[in-house]
Amino acid sequence: MRSSVSFRLVASILVTVLILVGCRQSFDYYNPLDPNEDAPISAIIDHIQDETIRNAILDSGAQTKRELGHLWVDYDVHFPGYVETMAGIEFLSFTEMLFLLRTEMMLWDVDDLAPLTKMRALERLEMTGNGFDESNVELIPHLPRLNYLGLADNVISNAGSLEPVLQSYQRGRLFLDISANPIEPDTLQSFASVLDRLDGLDLAFLTGANPLIDLAFLVENDTIRSLDVSRNESLVDISTLDRLSVLES
């Protein structure tokens, strides 16, 4: 009799455990702010403090955090589009690609950008046309999983200002897009010390007062596989391309 009762008790406990495990598949039992768990967008949207970012999330049509693989925030689409705070964006823990385009972040400080560091899945960050220059570009935080950093169409004139941003990444880690910036070619020499952090570099259509005429800044490199120097109409000497031993395109 005792054996039979013990068996029924164990069986009852197992059934209860299986039911509870099954219930974990329901969002009713999820902590929406836990970065390890999926959750409905409706459960986290109020924690996103910036109205423009909230609108972009709602416009995406994603129903859950996991469905929001990429988020596109653009002044031209989400008018007025100016992002005033990143607070709460860290709860988008499944978002791999974040596009912050023309959202006027040039007056921000390091604390304003800090929530980005908590986006645990973030691999691609695009910040086109946000007014970044050499005085504030170094405020962009280190993002452990990042493999693409887009800074096109900003106002960076000194390429050396990017050195602190890139220094924290491993060799061959990043594709860096700094096209359409007014970069002065003579500052590219100071940028050479971190070229080994890159697997790709976009220098297309530089708009500085002095045109890019050669690629003398290139040093011996075995990490860069892709280089874009198109639309630099004064470029006449590309002889140093042979220093990039693994260049593919």
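Position 1 is the first residue of the sequence; numbering continues from there.
There is no path of hydrophobic side-chain contacts, each under 4.5 Å, that joins Phe175 to Phe217.
Between Tyr75 and Tyr82, the distance separating the two ring centers is shorter than 6.0 angstrom.
Inter-residue side-chain proximity for Asp214 and Val236 is flagged as unmet; no heavy-atom pair is nearer than 4.5 Å. Residues Glu123 and Leu143 are not in side-chain contact: their nearest non-hydrogen atoms beyond the backbone lie 4.5 Å or more apart. Looking only at side-chain heavy atoms (C-beta outward), Glu51 and Ile53 stay at 4.5 Å or farther from each other. Between Leu201 and Leu195, the closest side-chain pair of non-hydrogen atoms falls below 4.5 Å. The shortest distance between side-chain heavy atoms of Arg197 and Arg173 does not fall below 4.5 Å. Taking 4.5 Å as the limit, some side-chain heavy atom of Leu92 sits within range of a side-chain heavy atom of Ile57. When side chains are defined from C-beta on, Asn181 does not count as touching Thr207, because their heavy atoms never get closer than 4.5 Å.
Few gaps surround NE2 on His142; more than 12 heavy atoms of other groups in view lie less than 6.0 Å from it. Atom CD of Glu67 has more than 12 heavy atoms from other residues, nucleotides or ligands within 6.0 Å. Heavy-atom contacts from other residues, nucleotides or ligands closer than 6.0 Å to CG of Leu33 number more than 12. The 12-atom threshold is exceeded at CZ of Phe99, counting heavy atoms of other residues, nucleotides or ligands nearer than 6.0 Å.
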Any chance you could lay out the side chain to side chain donor-acceptor pair (under 3.5 Å) test for Ser157 and Glu134, step after step, and finish with the verdict? CA-CA 7 Å; Ser157 60; Glu134 50 275 4; 2.9 Å; yes

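With 3.5 Å as the limit, one finds a donor-acceptor pair spanning the side chains of Glu163 and Ser193.
Tested against Ile224, the residues Leu198, Val246, Asp199 include a single side-chain contact (heavy atoms from CB on, under 4.5 Å) partner, Leu198.
Contact check on Arg171 versus Asp196 returns a salt bridge, with a Lys/Arg side-chain nitrogen under 4.0 Å from an Asp/Glu carboxylate oxygen. Ion pair Asp153/Arg102 not flagged as a salt bridge, since none of the NZ, NE, NH1 or NH2 atoms sits closer than 4.0 Å to an Asp/Glu carboxylate oxygen.
Because its NZ or CZ atom is both nearer than 6.0 Å to the ring centre of Tyr148 and within 45° of the ring axis, Arg124 counts as a cation-pi partner of that residue.
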